[in-house]
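Just so it is clear, the model here is predicted, and its values are computed rather than measured. To find a chain, count down the sequence lines: A is the first, B the second, and so on, and within it residues start at 1. Reckoned from all heavy atoms, side chains included, excluding hydrogens, waters and symmetry mates.
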Number of protein chains: 2
Amino acid sequence: MDDELSRVFAALADPTRRDMVARLAVRDATVNELAEPYAVSLQAISKHLRVLEDAGLVSRTRQAQQRPVHLEAEVFDLMTKWIERYRREAEERYRRLDAVLAAMDANTPTETATDQERGAS
Amino acid sequence: MDDELSRVFAALADPTRRDMVARLAVRDATVNELAEPYAVSLQAISKHLRVLEDAGLVSRTRQAQQRPVHLEAEVFDLMTKWIERYRREAEERYRRLDAVLAAMDANTPTETATDQERGAS
DNA sequence: CTCATGTTCAACCGAGCGGTTGAATAGAGG
DNA sequence: CCTCTATTCAACCGCTCGGTTGAACATGAG
């Protein structure tokens, strides 16, 4: 299959699955309980859960005939780390550009501004 | 189409697109520059960029024949907010469970523990 | 054992995705 | 105008996805 990060992002790219995650954040639930609000078959929900499980977002135990679904918080960190890393870089770059523009505005527009930009990279 | 959050998650579910985002976090780039490292056609990269653009992750301007691609950091916040919200809920629930277990360990294991859990929900 | 409940497996279907190739468009430059 | 470069459009292909239905499996209860 694909790498874990891809699986996690793909799993959350579906509104039904995101909604299930949101509900599982409140409390564990069985497949039937999870399926109740949606106008799709139980099998479809079962498939969605498989996707979430493969992504490591949920785990399942057995309890009599039921299979309670539990949200695993750790995988979220993987995403958050990835996102935050590049968001920070992008924002830093944005601030740097702001500084450059401010410098260009303050000083005479010479090559100083572009030098600053290169030096910071 | 789907909602924005779905588009963003779906866009980042592809390793090539995530890699492009990573590189765009460092500096803007043209389609040709972006395509260079990958063993796929230029048209495939063009499609990937369309996906990223539709998700609001990148923007494009025109500069002579080139179309420089620029990473937009704001959309990352949308994801981060969604993720953090449910991660926090899940972790809080986990801590609560820990407390319950600790209480069960400390006191005589009566119905006190389960009462606490119900009361906290 | 039998039965009801809860869940999953299997096969199928239409839509969309990531990739291809070939042709078209946009703009700079001789 | 013609041409070269950069990029996109269009049609197609194989695969995966989200959904369906019908059958199978797992387990607790009578």
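Note on A:Ser41: every side-chain N or O is 4.0 Å or more away from OP1 and OP2 of D:dG19. Between A:Arg67 and C:dT8 there is a side-chain polar atom (N or O) within less than 4.0 angstrom of OP1 or OP2. Between A:His48 and D:dG19, a side-chain N or O to OP1/OP2 separation shorter than 4.0 Å is present. Distances shown here put every side-chain N or O of A:Ser46 at or beyond 4.0 Å from the OP1 or OP2 atom of C:dT7. Between A:Asn32 and the phosphate of C:dT7, there is a side-chain N or O to OP1/OP2 separation shorter than 4.0 Å.
Both B:Gln66 and A:Arg17 lie near DNA chain D, and the one whose nearest nucleotide falls closer to the 5' end is B:Gln66. The 5' end of DNA chain C is approached more closely, in terms of each residue's nearest nucleotide, by A:Arg60 than by the other of A:Arg60 and B:Val51. With DNA chain D read from its 5' end, the first of the two nearest nucleotides for A:Lys47 and A:Arg62 is the one closest to A:Lys47.
Put simply, CG on B:Asp28 is 17 Å from C1' on D:dA6, counting in whole angstrom units. The distance from atom CD1 of A:Ile45 to atom P of D:dT21 is 14 Å, rounded to the nearest whole Å. For A:Arg7 and D:dT16, the CZ to C1' distance is 15 Å, given to the nearest whole Å. As a whole-Å value, the separation of A:Leu42 CG from C:dT5 C1' is 11 Å. Going from atom CG of A:Leu49 over to atom C1' of D:dG18 covers 14 Å, rounded to whole Å. D:dG18 atom P lies 12 Å from atom CG of A:Asp54, rounded to whole Å. As a whole-Å value, the separation of B:Glu36 CD from D:dT7 P is 13 Å. Atom-to-atom, CG of A:Asp14 to P of C:dC17 comes out at 13 Å; the value is rounded to the nearest Å.
Partner A:Arg85 forms a side-chain contact (heavy atoms from CB on, under 4.5 Å) with one of A:Lys81, A:Glu89, A:Arg88, A:Arg87 and no other, that one being A:Glu89.
Contact annotation: the side chain of B:Leu34 never approaches that of B:Thr30 to less than 4.5 Å [non-hydrogen atoms, C-beta and beyond].
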Pair B:Trp82-A:Val21, side chain to side chain contact (heavy atoms under 4.5 Å, CB included): steps then yes or no: CA-CA 11 Å; B:Trp82 191 91; A:Val21 166; 3.8 Å; yes

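Nearest nucleotide to the side chain of B:Arg50, out of D:dG19, D:dC9, C:dT20: D:dC9. Side-chain atoms of A:Gln65 lie closest to D:dA26 of the nucleotides D:dA26, C:dT7, D:dC9.
Side-chain N/O atoms of A:Gln43 and base N/O atoms of D:dG22 include a donor-acceptor pair closer than 3.5 Å. Applying the 3.5 Å distance criterion, the base of C:dG6 shares no donor-acceptor pair with the side chain of A:Gln63.
The CG atom of B:Asp54 sits 7.0 Å away from atom CZ of B:Arg7, with the distance rounded to the nearest 0.5 Å. A:Asp28 contributes atom CG, which lies 12.5 Å from atom CD of A:Gln66 (distance to the nearest 0.5 angstrom).
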